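What follows is a set of notes on a single structure, which appears directly below.
Treat the numbers as computed from the prediction; the structure is a model and nothing was measured. Just so it is clear: chains get the letters A, B, ... in the order the sequence lines come, proteins before strands, and each one is counted from 1.
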Protein chains: 2
Amino acid sequence: MKSDAEQLLKEKNIKITANRILVLDVFLKNTHTLSLADIELALPWADRATIFRTLKTFEEKALLHSIKDDDKSVKYALCSNTCQVNHHRIHPHFHCDICGNTVCLTGFDIPILKLPDNYKANNYSLMINGICEKCQKQ
Amino acid sequence: MKSDAEQLLKEKNIKITANRILVLDVFLKNTHTLSLADIELALPWADRATIFRTLKTFEEKALLHSIKDDDKSVKYALCSNTCQVNHHRIHPHFHCDICGNTVCLTGFDIPILKLPDNYKANNYSLMINGICEKCQKQ
DNA sequence: AGTTTGAATGCAACTTAATTGCAAAATCAA
DNA sequence: TTGATTTTGCAATTAAGTTGCATTCAAACT
Ligand SMILES: [Mn+2]
Ligand SMILES: [Mn+2]
Ligand SMILES: [Zn+2]
Ligand SMILES: [Zn+2]
């Protein structure tokens, strides 16, 4: 009987290790994006370099995608089934200016611009800043 | 007889100094976005901290806006007249994956998404990655 | 089960960009 | 000219990300 994390790792052809299971579990238990520092907080005994390389591996294997918001550090989120190896991030992201959380807007499409012929577009990324539901109520 | 840079500084209520004129001149002579390191290269005698604070001041006064592309360092570009203090970046940006240059797509609008009521959007930023005109010809 | 082998890990050191403190210099208005 | 305020230069520091290397581990193969 394998855990969800183990299943996912197997599906993505990532070798199963204790570290990877636990890092992935952190993502499975959270709804918003997480930075390397967030993972360090969640797994205080874990080594930063190991977490770093774990995130890189996960991104490369399309288990996570990375997001740059206005914060200083890169954040990561679980890929949806629309993410492919070497082609991530087809949905917009929302960054709350108050609490600093960033979430995936899965289910929303990034509107595609018609650019002149001299531009060849490979990837669109749309970041929306504003105030999240939680912070509006406060 | 004031230079273009001096005019601009005056318009934006930024005190005129030698450093500021020369940093602004670098932007006026370039079509693509520039990082702090780029300015250091263009003005080798200038001090990094001074350039840093100059860029911050320019951004705050809506003379420059900052852009985060896939490169490690933040880039800056001249604001168009649509930029306001505390409300930058209303056009998309294009980052070439080959040469690494990033340009403003002024004249293109960022399509606005209809988000659920529980999200309050203040700012949209759209980054398009791909291959620029120059690099396609090579 | 024991052996082998390439991959993953832990630790420490390093890189890089961004950022700050502070004293000296420059600006500007009175 | 003087005094208050802002900007500058230099050096030191922060913070995130990244790497080298010896050791350990996972899993495939006797
Ligand atoms: Mn996402
Ligand atoms: Mn721009
Ligand atoms: Zn919030
Ligand atoms: Zn190019």
Side-chain angles (χ1 to χ4, degrees), chain A residues 2-3 5-26 33-61 63-77 95 100 102, chain B residues 2-3 5-6 8-10 12-26 33-61 63-77 95 100 102:
Chain A
K2 285 196 188 333
S3 68
E6 283 175 275
Q7 287 292 0
L8 262 172
L9 291 171
K10 181 152 257 181
E11 280 171 31
K12 298 284 184 174
N13 290 308
I14 302 166
K15 197 183 283 186
I16 293 171
T17 70
N19 277 285
R20 288 170 174 178
I21 292 171
L22 291 164
V23 170
L24 181 47
D25 271 336
V26 178
T33 64
L34 299 166
S35 65
L36 193 158
D38 292 329
I39 308 293
E40 280 190 275
L41 281 176
L43 307 174
W45 47 265
D47 179 72
R48 189 188 320 127
T50 302
I51 301 173
F52 171 76
R53 287 185 277 228
T54 298
L55 295 173
K56 287 289 178 197
T57 301
F58 284 5
E59 185 179 20
E60 185 166 332
K61 299 296 185 103
L63 179 51
L64 295 179
H65 58 280
S66 62
I67 302 116
K68 287 187 169 189
D69 58 25
D70 286 343
D71 293 347
K72 37 290 164 207
S73 56
V74 177
K75 297 177 180 175
Y76 294 85
H95 175 74
T102 297
Chain B
K2 284 195 187 334
S3 69
E6 284 175 274
L8 262 171
L9 291 170
K10 181 152 255 181
K12 298 284 185 175
N13 290 308
I14 301 166
K15 199 181 283 186
I16 293 171
T17 70
N19 277 286
R20 287 170 176 177
I21 291 172
L22 291 164
V23 170
L24 181 48
D25 270 337
V26 178
T33 63
L34 299 167
S35 65
L36 194 157
D38 292 328
I39 308 294
E40 281 191 273
L41 282 175
L43 306 173
W45 46 265
D47 180 70
R48 189 187 318 128
T50 302
I51 301 173
F52 171 77
R53 287 185 277 227
T54 298
L55 294 173
K56 288 291 179 194
T57 301
F58 284 5
E59 186 179 19
E60 185 166 330
K61 299 296 185 105
L63 178 52
L64 295 179
H65 58 280
S66 63
I67 302 116
K68 288 186 168 189
D69 57 26
D70 286 345
D71 293 346
K72 37 288 163 206
S73 55
V74 178
K75 298 177 179 174
Y76 294 85
H95 175 74
T102 297

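Between the CG atom of B/Leu24 and the P atom of D/dT7 there is a distance of 15 Å, given to the nearest Å. Going from atom NZ of B/Lys61 over to atom C1' of D/dT6 covers 11 Å, rounded to whole Å. Distance, B/Asp71 CG to C/dA18 C1': 16 Å, rounded to whole Å. What separates CD of B/Glu40 from P of C/dA18 is a distance of 10 Å, to the nearest Å. Between B/Asp47 atom CG and C/dA25 atom C1' the separation is 13 Å, expressed in whole Å. In this entry the distance linking NZ of A/Lys72 with P of C/dT20 reads 12 Å, nearest Å. With rounding to whole Å, A/Ile21 atom CD1 is found 9 Å from D/dA27 atom P.
Evaluation of the salt bridge (charged side-chain N to carboxylate O under 4.0 Å, His left out) rule for A/Asp70 yields no partner, not counting sequence neighbours.
Between the side chain of A/Arg20 and the backbone N or O of A/Lys15, at least one donor-acceptor pair lies under 3.5 Å. A/Lys61 contributes a side-chain N or O that, together with a main-chain N or O of A/Asn13, makes up a donor-acceptor pair within less than 3.5 Å. The closest donor-acceptor contact from the side chain of B/Asp38 to the backbone of B/Ser35 lies under 3.5 Å.
Residues B/Thr50 and B/Lys15 both approach DNA chain D. Their nearest nucleotides, taken by heavy-atom distance, put B/Lys15 toward the 5′ side. Comparing B/Ile16 and A/Thr57 against DNA chain C, the residue whose closest nucleotide sits nearer the 5' end is A/Thr57.
Taking 3.5 Å as the limit, the base of D/dG17 and the side chain of A/Arg53 contain no donor-acceptor pair of atoms between them.
The side chain of B/Asn19 contributes an N or O atom lying less than 4.0 Å from OP1 or OP2 of D/dG9.
Atom NZ in B/Lys75 sits 3.5 Å away from atom OG1 in B/Thr102 (nearest 0.5 Å).
Minimum interatomic distance between B/Leu9 and B/Leu63 (heavy atoms only, all atoms of both residues): CD2-CD2, 3.8 Å.
Note on A/Arg20: only backbone sugar-phosphate atoms sit closer than 4.0 angstrom, heavy atoms only; bases stay farther off.
End-to-end axis angle for the helix from C/dA1-D/dT30 to C/dA30-D/dT1, using five pairs per end and rounding to 10°, comes out at 30°.
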